[in-house]
Amino acid sequence: DNGSKIINFILECKEYKEQELDEQNNLEFQQVYKGPLKQFIVKKLSPSTCYAFRLAAENLFGISEFSKIGLAYT
């Protein structure tokens, strides 16, 4: 947090398709959560599907860069 309190966490998600495996930077993410909580449950995910997630933090100085992409399978 570099000395400034974190105001929000921004979580983004995208369905991850096989043809996009090498094109991580071209994914169009959608924001699924923005708020102060450190835990969040993403609902209405499709079964047997791979999802890509990334996270950023916001403080009084702005929004950080997004994290590396994390994959999760339902």
More than 12 non-hydrogen atoms from neighbouring residues, nucleotides or ligands closer than 6.0 Å to CD1 on Ile41, yes or no? no
Step through the shown structure and confirm whether more than 12 heavy atoms of other residues, nucleotides or ligands are within 6.0 Å of CD on Gln31. yes
Same apolar cluster (I L V M F W Y, side chains within < 4.5 Å links), [X]/[Y]:
| X | Y | result |
| --- | --- | --- |
| Leu37 | Leu55 | yes |
| Phe53 | Ile63 | no |
| Val42 | Phe9 | yes |

Is there a side-chain contact between Pro36 and Ile7 (heavy atoms, below 4.5 Å)? no
What is the minimum heavy-atom distance between Ser4 and Leu60, and which atoms define it? OG-N, 3.7 Å
Say you draw a straight line from [atom1] of [X] to [atom2] of [Y]; how long is it, rounded to the nearest 0.5 Å?
| X | Y | atom1 | atom2 | result |
| --- | --- | --- | --- | --- |
| Phe29 | Phe66 | CZ | CZ | 8.5 Å |
| Tyr33 | Gln39 | OH | CD | 10.5 Å |
| Glu12 | Lys34 | CD | NZ | 10.5 Å |
| Cys13 | Arg54 | SG | CZ | 11.0 Å |
| Asn59 | Ser64 | CG | OG | 8.5 Å |

Check: Tyr51 side chain, Ser46 main-chain N or O, donor-acceptor pair, under 3.5 Å: yes
